[in-house]
Amino acid sequence: MTIHLYNTLTRQKEEFTPIDPKKVRIYICGPTVWNYAHIGNGRAAVVFDLLVRVMRHAYGNNHVQYVRNITDIDDKIIDAARQSGEKIDVITEKYARIYNEDMAALGAAAPDHQPRATEYVPQMLKMIDKLIKAGHAYEAEGHVLFNVPSWPEYGKLSRRNRDDMIAGARVEVAPYKKDPADFVLWKPSTPDQPGWDSPYGRGRPGWHLECSAMNEALNGNHFDIHAGGEDLIFPHHENEIAQSTCAHGGEKYVNYWMHNGYLMVEGQKMSKSLGNVVLVHDLVGRAHGEAIRLALLSAHYRQPFDWTEDLLQQSKRTLDRYYGLLRDAGGVKAAAVGAAPSFIAALEDDLNTPKAFAELAVMAKDLSTAKTAEEKARARGIFLAAGKLIGLLQQDPETWFKGATDDESAVIEKKIVELQAARGVKDYKKADEIRDQLKQDYAVSVSVTAAGITWRKES
RNA sequence: GGCGCGGUGGCAGAAUGGCGAUGUAGAGGACUGCAAAUCCUCGAAUGCCGGUUCGAUUCCGGCCCGUGCCUCCA
């Protein structure tokens with residue numbers, strides 16, 4: 001059991017060594033809840049859900065602490081509230097709930113802790129105070145800013161230096177900044193904006209500070225893994241490192257930084273202006289969550305990849321095939337065995353999901369070609385154990401195929417009996433009629449197998 | 001302009017200093033009343049130009065193409 005992870009900090013794959021194997025601590029940057037999550041958010045959630053599964057498999061369910069936050073104070077939320085006329089907490093509550101539901105539909109388990117930024121304002125203020133006292137932050141015109149030149153190590157994660165950043169800056173530098181690279185820890189709120197009283201006047205926290213404060217509270221000063229989308233490398237995570245390290249007297253903040261790659265949609269960048277933003281909420285309404293999950297994991301998490309309708313359909317067909325195998329072997333109980341070592345090894349090698357799926361395909365072949373009951377039971381057990389680790393194939397195959405209401409199912413089953421009878425007397429004309437009818441009326445396709453007749457809902 | 005990532009069969013997508021997985025699509029066959037599913041067999045790929053090397057898809061340099069970040073977007 002050796003897990004290797006690609007660490008953005010060192011830009012290489014490293015062997016994972018936990019600080020405390022009895023409590024591996026992982027923090028994922030969660031959503032800002034002002035809108036529905038898109039498929040890119042879904043990718044991050046699914047990928048790092050898998051990371052947590054792999055860690056739990058290696059260190060034990062109770063020895064991994066998984067924290068995924070909710071950002072519920074942000075200027076985008078304020079704008080959304082202004083536009084819709086809804087209250088801020090109504091908006092954040094609504095989208096936080098939908099986010100959790102949608103991610104659950106993708107098989108992304110709920111974190112152990114889901115802290116909200118607004119619950120940690122006192123901790124943030126305490127951290128600001130520490131940073132000011134340590135000479136790393138200063139107050140200016142109601143703002144508190146982190147002074148980047150006060151910490152020489154700044155820029156290590158994103159590998160950029162101050163001069164480059166200033167040279168490439170597209171945004172005008174605020175006049176109250178001591179240094180152009182300084183960033184906001186606290187900013188003033190107007191009376192109509194949400195705010196908290198503070199020694200610097202009524203205001204609200206800057207974006208990066210919440211994660212620092214919540215991690216300090218839940219994961220401690222120094223923890224194992226911090227993960228998020230690659231766009232967060234700069235400035236979010238860079239600034240977070242600076243704040244936390246400086247607030248903790250130079251103590252190392254995080255050992256492993258992990259970032260997932262971006263995705264595109266049908267060959268194009270996903271953007272509001274192109275109108276091609278794919279929302280997870282819409283997808284789970286019309287596709288199996290498992291198929292979406294499989295599609296999201298079909299490419300390695302650090303690779304950029306293209307989200308397409310074709311990919312989703314192909315993923316669905318793959319699961320149809322796998323659930324079909326499980327259904328065909330339905331009479332055989334799964335043997336109590338673990339997932340194949342090669343499968344585990346693939347996932348433990350920086351979450352190499354394409355490799356893992358290649359191994360899964362081999363296991364599927366073993367299952368479909370197993371001869372004896374004993375072989376079948378073993379193959380089924382291995383196959384299901386792999387599915388469990390990666391978060392797939394745990395449903396009853398009948399449920400997977402027959403996504404129909406009970407009433408509908410009863411009618412369909414009745415037709416199936418008629419079909420069977422017609423076939424029994426070799427009345428194939430009638431049999432085909434019934435089959436066509438089922439297809440037309442219920443989108444049901446019928447298969448005749450040695451074991452009997454099965455049907456599935458096409459979707 | 002600065003920093004970064006990627007270009008592998010029709011498509012998706014791993015790996016590797018020397019036999020280039022897997023899935024899907026395609027061809028042929030078995031099975032089947034017909035289908036579907038499944039099984040067996042097969043063809044098919046490393047962007048371009050140099051360099052290092054006995055040998056490069058892999059390492060190095062250049063080019064082309066795509067894509068991302070550069071103060072609050074996963």
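These numbers come from a predicted model, not from an experiment.
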What about the rings of [X] and [Y], do their centers lie closer together than 6.0 Å?
| X | Y | value |
| --- | --- | --- |
| His226(A) | Tyr256(A) | no |
| Phe223(A) | Tyr253(A) | yes |
| His208(A) | His237(A) | no |

Within 45 degrees of the ring normal and closer than 6.0 Å to the centroid, is that where the cationic atom of Arg327(A) sits relative to Phe401(A)?
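So Arg327(A) does make the cation-pi contact.
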
Counterpart base for [N], defined by Watson-Crick or G-U wobble contacts under 3.5 Å:
| N | answer |
| --- | --- |
| rC34(B) | none |
| rG20(B) | none |
| rU58(B) | none |
| rC5(B) | rG66(B) |
| rG43(B) | none |
| rU71(B) | none |

Would you classify Met270(A) as touching base, sugar-phosphate or nothing, given that sugar-phosphate means primed atoms plus P, OP1 and OP2, and contacts are heavy atoms under 4.0 Å?
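Touches a base.
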
Nearest-angstrom distance, P atom, rC19(B) to rG55(B)
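Each nucleotide's P atom is 14 Å from the other's.
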
Can you check each nucleotide of nucleotides 23-35 of chain B against protein heavy atoms at under 4.0 Å and return B for base, S for sugar-phosphate only, - for none, in 5' to 3' order?
BS--------BBB

Would you tell me if any nitrogen or oxygen in the side chain of Asn239(A) comes within less than 4.0 Å of OP1 or OP2 on rU71(B)?
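For rU71(B), OP1/OP2 do not have a side-chain N/O of Asn239(A) under 4.0 Å.
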
Classify the angle between the aromatic ring planes of Phe146(A) and Phe183(A) as parallel (below 30°), tilted (30 to 60°) or perpendicular (above 60°).
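Phe146(A) and Phe183(A): parallel rings.
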
Does the distance from a Lys or Arg side-chain N to an Asp or Glu carboxylate O, for Arg97(A) and Asp102(A), drop under 4.0 Å?
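Judged by the 4.0 Å cut-off on N to carboxylate O distance, Arg97(A) and Asp102(A) do not form a salt bridge.
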
Is Lys439(A) salt-bridged to Asp436(A), going by a charged N under 4.0 Å from an acidic O?
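The answer is no: the pair does not qualify as a salt bridge.
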
Selected nucleotide, minimal atom distance to Pro354(A) side chain, candidates rA15(B), rC73(B), rG13(B)
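Nearest to the side chain of Pro354(A) among the choices is rG13(B).
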
Nearest-Å distance, CG (Leu157(A)) to C1' (rC70(B))?
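Taking atom C1' of rC70(B) as the reference, CG of Leu157(A) is at 14 Å.
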
